Amino acid sequence: MIKRITSHTALKVKFLGITIYKRTFTPNEQFFFKKLLIIERNDTHKVIKLLGIKIASRKRPIKKNILSMNADITKTEQISSDLPNSLWLTPKSPLDHSWESLKSAKYTTKTRCVVILPVYKGLDETLCSIYHALKSRVTDQYSLLIINDAGPDEKLNAKLEELATKGLFDYHLNKLNLGFVKTINYAITNLSHDLDVILLNSDAFVFEGWFERMIQYADQDESIATITPMSNNATICSYPFTCQDNNKNLEISPAELDRLASNINKGIYIETPTGVGFCFYMRRKVIDKIGMLDDNAFKVGYGEENDFCMRAIHAGFKNIIIGDVFVYHVGSVSFSATKAENMKKGENALKLKHPNYLNLVHNFINVDPVFILRRNLDIARLKLKTGQKESIVIVSHAWDGGINTYLERVVNQYTNRGINCILLKVHDKKLYSIYSHENDQFNLCNLKNLSLSCDFSFLDLFFKTIQPTLIHINSFAGLDWHHHEKLLSYFSSSDWNCKFIIHDYACMSYDYKLLKPEYTYESVPSLARRNQWYNVKNVPLDYDISITDAYARHKAYEHFLKKCIKIESPSHRTRDIVLMDFPDLNIDVVPHEDIIGNILPAERKKDKNKIKIASIGALSIEKGSQLLATLAVDSKNRDLNLSYFLVGFSNPGDQHVMETNGVTVTGKYENDKECINKIREISPDLIILPSIWEETFSYTLSIALALKIPTLVFNIGAQAERTENINWVVKLDPLLMNNPRGISDLVVNLNIDKLWKEARKK
């Protein structure tokens, strides 16, 4: 009854022999019920017609094709000179007098290589490209050959004739249009004097010293067949984002970026299955051995240099991408149907000649070895931005919580003193990411998710490039012990000045909160006791990444802490706990700055039937999520007059228990101000901070104290120390951690009115 028919051109669905749906593959169209409803798609738009009348039209996003590695390479199709102002470099024809100071780049007996620049149309970008090729020529090692493929732009043709007459370059005009590939082959065969050649697109701009750096690789290794530099717009060679057009402004000019590349990536190259033709060195010996570009299979371009690279590999040569040359490439700003069709033909020809080409390219992109070159450039830009200004690197974990408040305060302190801050955050067992403190305004996309595996050469390059006067270390939480220990060893053996802030107890236990694997509090267990914890059969997954012998951990941290020029603790209790393991350390107690400041105390709005109790923050188990959940369960089971709120959020399991037992969860807040406003809206009678570990400070406690709402905390850690002389804060016996019913009974019998009166006394 219903039949589906598929051919190489279309797909049909028939019902009782009548075509009710048809979709063509080329062009892409869909018909419903004998063209009652038609949907047409091309590379730019989707159009819907009903009974022949257009009822909708929508612009489609441009899709890049990276398979042929030619998606961003302009050949016979030149771009319009009407370029948007957002471009990083907008090509414009040089003024007439600008050409006067340029030296001739015509072929001589000293010429080492011929730079072939084919032109067709595009006045501004072509003349700008030629100008850069002439201006950037610091020696006479290369000559410049301009070959005009019978271009239609009369103004451009006249200018080229004029400049050629002045002797600035060698010039050839095809009598008939040959097409891009045949034009290049003609130049290689008849006009390049049997020398090495570099193909340079007419919308690519080189900078001073580019050739000398490029040719050095060829001189040092005769097995190199092709060389491609870095660019903003060259698929696998692109920077800062790979396989993307990067035409928008960076904070520096392309010429400055080329200078940075020449230093940070000096002598570094990556072997590649293919080069990219915007700026493409070809060794003459290889051309003689394997032949020129295939102008039969690739008549209009798109794939010919990829084919050449594959044939070079087959002949035992290699292709490389070099990191110390950056060439700006405008590239195509449009993606026409003609271009798409030509690219498809190029892809098909590549598949036919080299069945393994796509696999090689896909594998290369997946591994992305060019990332090494890009991340180095990010570091160079970061160093240029900081200049001679004093810089500090702040090391921390990437978890949410009070650390973000602390980091914001510390960064402000340093920047107010004219010191530049760079953040290095560790995360996900073995990774780290580097940020400028102005992260939103300064793109460092290649400094994310870097690996601490293998050697530390890149991390070392980062520090040696930035030259920080201080490394301000907060925490390595989030790393597994293998990489955690490697970082400790690196800092211990380095000459960097390190300052360590004790935010947790990672120096003493794999559980940074110094809790047992069952998440229970045991005051300060001995080293031997902690070592017993590692031998239990099962531990929580977040513990597992940090497990190690307690004595090995102690030894690693002992070396590291002795190397630190300064160690700070935010509370006396934290200092005393750490000194139990490391009695010889000199630890300064420096409480964290009160970031809340003077705010109006909260107003109490009583509920006659309920005692409203609020908790604050991102509650993990150690922060008391299970305890708050069981308090809610107890209140519901016994029908107590207790109503619980969580201004923040918790882990999914405990939060589900909370919500099903009457806890109102407000969700994550963006900042302290939002948190405080939510607390004022709730107007709780009490705040409970159910943290079951010896906190080193606690910013949520700062919020409770600033609002002067009677608060319950356990009589341990910084919670107890900071509230020692505050009589409207109730210090709970740690034994009550395992007795939520006891806490409920205590709350029900509290004289809350008296606590509020005490909190309002000046």
Side-chain angles (χ1 to χ4, degrees), residues 402 521 571 573 596 601-602 604 606-607 610-636 638 640-648 650 654 658 661-666 675-676 678-680 682-695 697-761:
Y521 173 71
S571 67
R573 175 59 177 167
I596 304 301
R604 186 185 182 196
K606 287 187 180 182
D607 187 322
K610 292 284 185 180
I611 297 173
K612 293 179 291 183
I613 305 172
S615 193
I616 310 171
L619 291 197
S620 56
I621 296 176
E622 59 268 22
K623 288 282 189 179
S625 63
Q626 290 185 348
L627 181 55
L628 182 62
T630 53
L631 285 170
V633 170
D634 181 51
S635 178
K636 183 177 180 180
R638 294 200 283 156
L640 301 176
N641 63 332
L642 305 178
S643 179
Y644 286 97
F645 299 81
L646 173 54
V647 181
S650 182
D654 291 337
M658 292 178 199
N661 286 276
V663 179
T664 300
V665 181
T666 65
C675 173
I676 290 169
K678 287 184 176 181
I679 294 172
R680 291 188 191 278
I682 295 168
S683 186
D685 299 283
L686 297 170
I687 285 177
I688 183 168
L689 302 178
S691 181
I692 60 173
W693 72 287
E694 304 227 23
E695 299 254 19
F697 183 73
S698 178
Y699 282 102
T700 54
L701 178 58
S702 297
I703 293 173
L705 297 180
L707 288 170
K708 293 189 175 181
I709 298 173
T711 302
L712 284 72
V713 297
F714 286 107
N715 195 23
I716 57 173
Q719 305 97 298
E721 181 177 320
R722 294 182 62 198
T723 60
E724 183 179 6
N725 298 315
I726 303 177
N727 57 7
W728 46 270
V729 173
V730 179
K731 271 74 80 175
L732 302 172
D733 190 321
L735 292 174
L736 289 171
M737 290 178 186
N738 298 312
N739 185 6
R741 187 180 176 110
I743 296 175
S744 297
D745 292 341
L746 183 149
V747 170
V748 169
N749 291 293
L750 270 179
N751 189 338
I752 300 176
D753 291 339
K754 182 179 179 182
L755 292 174
W756 274 89
K757 286 180 181 178
E758 291 295 331
R760 291 300 170 269
K761 289 182 179 179

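A quick note: this is a predicted structure, and the numbers were derived from the prediction, not measured.
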Any side-chain heavy-atom pair from [X] and [Y] closer than 4.5 angstrom?
X	Y	value
Thr723	Val713	yes
Pro690	Gln626	no
Cys675	Ile616	yes
Leu689	Gln719	no
Arg680	Leu707	yes
Arg638	Asp745	yes
Pro710	Val730	no
Ile703	Ile679	yes

Query raised in the report: Who passes side chain to side chain donor-acceptor pair (under 3.5 Å) against Ser643, sequence neighbours left out?
Result: none
Query raised in the report: Glu758 and salt bridge (charged side-chain N to carboxylate O under 4.0 Å, His left out): which partner among Lys761, Arg760, Lys754?
Result: Lys761
Query - Within 6.0 Å of NZ in Lys610, more than 12 heavy atoms from elsewhere - result: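 Above 12, so yes.
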Any idea which heavy atoms bring [X] and [Y] closest together, and the distance?
X	Y	answer
Ser698	Arg722	O-NH1, 2.8 Å
Gly617	Leu646	O-CD1, 3.9 Å
Gly717	Arg573	CA-CG, 3.7 Å
Asp654	Ala629	O-CB, 4.1 Å
Leu631	Pro740	CD2-O, 3.3 Å

Main-chain N/O of [Y] paired with [X] side-chain donor or acceptor, under 3.5 Å:
X	Y	answer
Ser691	Gly624	no
Ser635	Leu642	yes
Ser650	Leu619	yes

Requested in this report: Could you list the residues that satisfy side-chain contact (heavy atoms from CB on, under 4.5 Å) with Ala618, not counting sequence neighbours?
Outcome: Phe649
Query - With sequence neighbours excluded, residues passing ring-ring contact (aromatic ring centres under 6.0 Å, His included) with Phe714 - result: none
Requested in this report: Start with the C-alpha distance between Lys606 and Asp753, add both sets of side-chain angles, then the distance that settles side-chain contact (heavy atoms from CB on, under 4.5 Å), and finish with yes or no.
Outcome: CA-CA 10 Å; Lys606 287 187 180 182; Asp753 291 339; 3.0 Å; yes
Requested in this report: Take Ile611 and Leu750 through the side-chain contact (heavy atoms from CB on, under 4.5 Å) test and state the conclusion after the steps.
Outcome: CA-CA 10 Å; Ile611 297 173; Leu750 270 179; over 6 Å; no
Nearest-0.5 Å distance, [atom1] of residue [X] to [atom2] of residue [Y]:
X	Y	atom1	atom2	answer
Ile709	Trp728	CD1	CH2	8.5 Å
Lys757	Ile752	NZ	CD1	13.5 Å
Met737	Ile716	CE	CD1	3.5 Å
Asp685	Asp607	CG	CG	8.0 Å
Glu694	Tyr521	CD	OH	3.5 Å
Asn725	Asn727	CG	CG	9.5 Å

Query - Test log, rule side-chain contact (heavy atoms from CB on, under 4.5 Å), inputs Ile743 and Leu627 - result: CA-CA 10 Å; Ile743 296 175; Leu627 181 55; 4.1 Å; yes
Report task. Could you check Thr666, Ile676, Thr700, Ile687 and say which one makes a side chain to side chain contact (heavy atoms under 4.5 Å, CB included) with Val647? Result -> Thr666
Report task. Using a strict cut-off of less than 4.0 Å between a Lys/Arg side-chain nitrogen and an Asp/Glu carboxylate oxygen, indicate whether Lys623 and Glu695 qualify as a salt bridge. Result ->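 A salt bridge links Lys623 with Glu695.
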Query raised in the report: After noting the C-alpha distance and the side-chain angles of Met658 and Tyr644, does the key distance pass the side-chain contact (heavy atoms from CB on, under 4.5 Å) rule?
Result: CA-CA 9 Å; Met658 292 178 199; Tyr644 286 97; over 6 Å; no
